[in-house]
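In what follows, a single structure is set out as structure tokens and then discussed.
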Amino acid sequence: MPELPEVETIRWDLTKDVKGKRIRDVEILNAKVIKEPKPAQFKSRLKGVCFVDFLRRAKVLGIRLSSGEYLVVHLRMTGQLVYSACKEEKARVIFTLSDGKFLNFNDQRLFAELRLVKDWQDLKFLRQLGPEPLEKDFTEPRFRQMLKGKKTKIKPLLMDQGFIAGIGNLYAQEALFLAGICPARAANALKVQEIKKLYQAIKQVLQEGIRYRGSSIDNYVNGRGKRGQYHLRLKVYGRDGEPCLTCKARIKKIQLAGRGTCFCPRCQK
DNA sequence: CGGGGCTCCTGTGCGC
DNA sequence: TGCGCACAGGAGCCCC
């Protein structure tokens, strides 16, 4: 499941590999992934256009085009953007580039979305997003302020994109483990010291996720079709029943807001 | 306005 | 062995 670190990794790869290249052709193999405009429009407005810049906000990739428009990509659960010398069999949309190679948009579960829009910042989802956790304006005092009056459990809150951008189920669980906080705690019940720890933990897990080029738990691959390494360093995600790497207690799994949540009942209070 | 639960979708892995 | 079902999850949406 591509979260902030995975999307950021793809952004880097595509910046290196396809920035400045031209779209020679667009092949739509499954039109369901194209949310706007209509497939014929989508095709004609993309043909002959260059990739100018690759931007990211939350888990969303915004590709600025020479036409002034933006190709907006949300990978959701199983989406992939892979630059390759060949067309991939599982591709839903294939962009043929000016270098004769291909940008494959794959998506097993058909949850991912492509959009071609005038200005991606205008998209409702983007306008409603919370702060970027790795940007300078996300400060500890601001985080403390954000948590005030939030009765929600801390873990679902961290996954709320309107509260803070880019964190999903994996990094939320890892950050809470690192901070020693139980995922079911009420957000407004966190002490100042705990907020500080969580603030640092959020930044740390996201930065490490980027450094290790993402977590390939499900089917995530980077812009070159390679798996990440961060899933090898996970402390709690997907480790229910296994011993805690710190204290050896059994990692527990509970449901929070309908999502599986692993934590160490001894280390996380 | 907030929170819970359902929905979209398909591959995987379990139990019988 | 094979079938059927639960589960995985990001975010929109409905409902209370």
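The sequence lines fix the lettering, A, B, ..., with proteins before strands; numbering per chain opens at 1.
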request  = Looking only at non-hydrogen atoms, find the nearest pair between A/Tyr237 and A/Glu174 and report the distance.
outcome  = N-OE2, 2.9 Å
message = In this structure, is the centre-to-centre distance between the rings of A/Phe143 and A/Phe138 below 6.0 Å?
response = yes
ask   = Quick one: is B/dG11 close enough that its OP1 or OP2 comes under 4.0 Å of any side-chain N or O from A/Gln108?
value = no
ask   = Which part of the nucleic acid, if any, lies within reach of A/Thr78 when heavy atoms closer than 4.0 Å are counted: base, sugar-phosphate only, or nothing?
value = nothing
query = Taking the side chain of A/Lys32 as its heavy atoms from C-beta onward, which of B/dC9, B/dG2, C/dA11 lies nearest to it?
reply = B/dC9
query = Taking CD from A/Gln161 and P from B/dG2, how many angstroms apart are they, rounded to a whole number?
reply = 16 Å
message = Regarding A/Tyr171, tell me which of base, sugar-phosphate or nothing describes its non-hydrogen contacts under 4.0 Å with the strands shown.
response = nothing
query = Relative to the ring of A/Phe42, is the ring of A/Phe95 parallel (under 30°), tilted (30 to 60°) or perpendicular (over 60°)?
reply = tilted
ask   = In residues 109-118 of chain A, which ones come under 4.0 Å of DNA chain B, going by heavy atoms?
value = A/Arg109, A/Leu110, A/Phe111
inquiry  = side-chain contact (heavy atoms from CB on, under 4.5 Å) for A/Ile23 and A/Leu103? Distances and angles first, verdict last.
reply    = CA-CA 9 Å; A/Ile23 301 171; A/Leu103 184 60; over 6 Å; no
message = Without decimals, in angstroms, what is the distance between A/Asp240 CG and B/dG13 C1'?
response = 14 Å
inquiry  = Under 4.0 Å from OP1 or OP2 of B/dG3: is there any side-chain N or O of A/Lys153 that close?
reply    = no
inquiry  = Whole angstroms only, please: what is the CG-C1' distance between A/Asp107 and C/dG10?
reply    = 12 Å
task = Please give the angle, rounded to 10 degrees, between the axes at the start and the end of the helix from B/dG2-C/dC16 to B/dC16-C/dG2, where five pairs define each axis.
result = 60°
message = Using a heavy-atom cut-off of 4.0 Å across all strands, would you classify A/Lys90 as base, sugar-phosphate, or nothing?
response = nothing
message = Can you tell me how the ring of A/Tyr171 sits relative to the ring of A/Tyr230, calling it parallel under 30°, perpendicular over 60° and tilted otherwise?
response = parallel
remark   = The residue, A/Arg259 or A/Thr152, whose nearest nucleotide of DNA chain B is more 5′ is A/Thr152
Toward the 5' end of DNA chain C, by each residue's nearest nucleotide, A/Lys124 or A/Met77 = A/Met77
inquiry  = Please confirm whether the shortest side-chain N or O distance from A/His74 to OP1 or OP2 of C/dG10 is below 4.0 Å.
reply    = no
inquiry  = I'd like to know if A/Glu6 pairs up with A/Arg213 as an ion pair, taking the criterion as any Lys NZ or Arg NE/NH1/NH2 lying under 4.0 Å from an Asp or Glu carboxylate oxygen.
reply    = no
Closest heavy-atom pair and its distance - A/Ala31, A/Pro39 = CB-CG, 3.9 Å
key: Whichever of A/Ile167 and A/Gln255 has its nearest DNA chain C nucleotide further upstream toward 5'   = A/Gln255
query = Counting just side-chain N and O atoms, does A/Lys253 come under 4.0 Å of either OP1 or OP2 of C/dA8?
reply = yes
key: d(NE2, A/His231; P, C/dA8) in whole Å   = 19 Å
ask   = Should A/Leu245 and A/Leu234 be regarded as members of a common hydrophobic cluster, given that ILVMFWY residues are connected when their side-chain heavy atoms come within less than 4.5 Å of each other, either directly or indirectly?
value = no
query = For the pair made of CZ in A/Phe163 and C1' in C/dG10, what is the distance, rounded to whole Å?
reply = 18 Å
ask   = Do A/Arg76 and A/Glu113 sit within salt-bridge range, that is, some charged N less than 4.0 Å from a carboxylate O?
value = yes
inquiry  = Can you measure A/Asn30 atom CG to B/dC9 atom P for me and round it to whole angstrom units?
reply    = 10 Å
key: Nearest-Å distance for atom pair CD1/P, residues A/Ile254 and B/dG4   = 12 Å
key: Separation of atom NZ in A/Lys59 from atom P in C/dG9, rounded to whole Å   = 11 Å
inquiry  = Could you go through A/Gln173 and A/Phe263, starting from their C-alpha distance and side-chain angles, then the distance that decides it, and tell me whether this counts as side-chain contact (heavy atoms from CB on, under 4.5 Å)?
reply    = CA-CA 7 Å; A/Gln173 290 175 49; A/Phe263 69 105; over 6 Å; no
